[in-house]
S.K.: 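My questions all concern the structure below.
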Amino acid sequence: MKVEILTIFPDFFRGPLDYGIVSRARQAGLVEIHVRDLREFTHDRHRTVDDRPFGGGEGMVLKPEPLFEAVESLGLGTVEEHTARKESVILLSAQGKRFDQKEAGALAALERIVLICGRYEGVDERVAEHIADRELSIGDYVLSGGELGAAVIVDTVTRLLPGSLGNEASSRQESFTAVEQIDFDGPSSTCASGGLLDYPHYTRPANFRGMQVPEVLVSGNHDQIRRWRRKTALQKTLRNRPDLLKDAALSEEDKEILAQITGEALD
Ligand code: SAM
């Protein structure tokens, strides 16, 4: 299996993947791990990878260009093409589907996985929309970056590769392992703001390869932006983690938006 890790902190991986089972699996050729520096895919003097968020707000967002270029340099083609070749592009995200042993089993059955590590306030949403086929979270908490998550995934998946443990039977007896679990079930997609998932983020350019940021975010209308964010957060939560809604702090306005979304979904 090949693993590609895209990060702005490549040195982070000196250590976590150089010990024990993972190290032995690398030496035995069971897993080949490449760590790529996202700044290599920038074109300005300062090697800029981040920018301010459209619509205002705290923090910076990882720009789409270096991420798209880094993924393109790997020759993966479209989502359809790379999934057909048993390859997966994975965005590490607190808003993602929870990574578990079942998902690890599905990944271990693939030929190549690409792990995209976010930083700052997150990653321009077009990466999740157009190049990743999976969004994975390693748990309901917010890390400073995706690197720890990538290391968790590489470790968990590597020990499931035939031959990595020496005694193949032992991984089957471990916690969480269901033997019939090697299934690819496609893309999926935090816990912020009153218990809801985070809303989508976008940064410059507003038009990137024909992909436009939602008009409301460049309108300057703060109330509409706030309402759009709440609505998309509710939509994402309803879609990805409906279990969170029962404990979420919902205002009357949220309940109205939710009724509207559910109505829209039923239409
Ligand atoms: N604003 C984001 C939110 O509320 O969901 C949090 C961004 S976090 C400070 C920066 C990066 O760390 C994310 O883009 C993601 O790559 C990574 N990250 C944070 N928590 C994570 C988790 N639980 N699982 C996987 N990656 C995580």
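Keep in mind the model is a prediction, meaning the values are calculated, not measured. As the structure lists them, so they are numbered: ligands from 1, and atoms in each ligand from 1.
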S.K.: If you measure from OG1 on T203 to CZ on R126, what distance do you get to the nearest 0.5 Å?
M.R.: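 One finds 8.0 Å between OG1 of T203 and CZ of R126.
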S.K.: For ligand 1, which atoms, with element, lie under 4.0 Å from some heavy atom of G146?
M.R.: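 With G146 as reference, the close atoms of ligand 1 come out as 12 (O), 16 (O), 17 (C).
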S.K.: Who gets closest to atom 20 (N) of ligand 1 by heavy atom: I116, L143, L91, V127?
M.R.: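 It is L143 that holds the nearest heavy atom.
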S.K.: List, by chain and number, the other hydrophobic cluster members for V61, where Ile, Leu, Val, Met, Phe, Trp and Tyr join if side-chain heavy atoms come within less than 4.5 Å, directly or indirectly.
M.R.: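 None; V61 is a cluster of one.
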S.K.: Considering G57, G96, S93 one by one, which has a heavy atom nearer to atom 26 (N) of ligand 1 than any of the others?
M.R.: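 Among G57, G96, S93, the closest heavy atom to atom 26 (N) of ligand 1 comes from S93.
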S.K.: Could you tell me whether some N/O pair between G149 and ligand 1 is separated by less than 3.5 angstrom?
M.R.: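 Such a contact does not occur with ligand 1.
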S.K.: Hey, which atoms in ligand 1 end up nearer than 4.0 Å to a heavy atom of V142?
M.R.: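 Every atom of ligand 1 under 4.0 Å from some heavy atom of V142: 6 (C), 8 (S), 9 (C), 20 (N).
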S.K.: Under a 4.0 Å N-O cut-off, is there an ion pair linking R204 with D124?
M.R.: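 No.
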S.K.: Under the rule for ring-ring contact (aromatic ring centres under 6.0 Å, His included), what residues qualify as partners of F208, not counting sequence neighbours?
M.R.: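 Applying ring-ring contact (aromatic ring centres under 6.0 Å, His included) to F208 gives F68.
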S.K.: Evaluate side-chain hydrogen bond (donor to acceptor under 3.5 Å, both in side chains) for R134 paired with S88, printing each intermediate quantity in order.
M.R.: CA-CA 7 Å; R134 280 173 164 87; S88 182; 2.8 Å; yes
S.K.: For ligand 1, note which part of D198 has a heavy atom under 4.0 Å away: side chain, backbone, both or neither.
M.R.: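 For D198, the contact with ligand 1 is made by the side chain alone.
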S.K.: Out of R230, R226, K231, which residue meets the side-chain hydrogen bond (donor to acceptor under 3.5 Å, both in side chains) rule with E253?
M.R.: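 Only one option passes, and that is R226.
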S.K.: When you compare ligand 1 with I138, is there at least one nitrogen or oxygen pair between them that comes in under 3.5 angstrom?
M.R.: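 Looking only at distances, the answer is yes, because the N/O contact criterion of under 3.5 Å is met.
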S.K.: Side chains of T83 and V79: does their closest heavy-atom pair fall under 4.5 Å?
M.R.: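 Yes; the side chains approach each other to less than 4.5 Å.
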S.K.: Less than 3.5 Å between some nitrogen or oxygen of G139 and one of ligand 1, yes or no?
M.R.: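 N/O-N/O distance under 3.5 Å: yes.
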S.K.: Hey, is ligand 1 close enough to V123 that some N/O pair sits below 3.5 Å?
M.R.: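 Checking ligand 1 against V123, no N or O pair falls under 3.5 Å apart.
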S.K.: Should the heavy atoms of other residues, nucleotides or ligands under 6.0 Å from CZ of R52 be counted, would the total exceed 12?
M.R.: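 It does not: R52 CZ has 12 such atoms or fewer within range.
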S.K.: Taking only non-hydrogen atoms of Y120, do any sit less than 4.0 angstrom from ligand 1?
M.R.: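 Yes, Y120 has heavy atoms under 4.0 Å from ligand 1.
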S.K.: I'd like to check whether G118 has a polar contact with ligand 1, where a contact means an N/O of the residue lying under 3.5 Å from an N/O of the ligand.
M.R.: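 So ligand 1 has an N or O lying under 3.5 Å from an N or O of G118.
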S.K.: If we set the cut-off at 4.0 Å for heavy atoms, which region of A94 has an atom near ligand 1: side chain, backbone, both, or neither?
M.R.: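 Both backbone and side chain.
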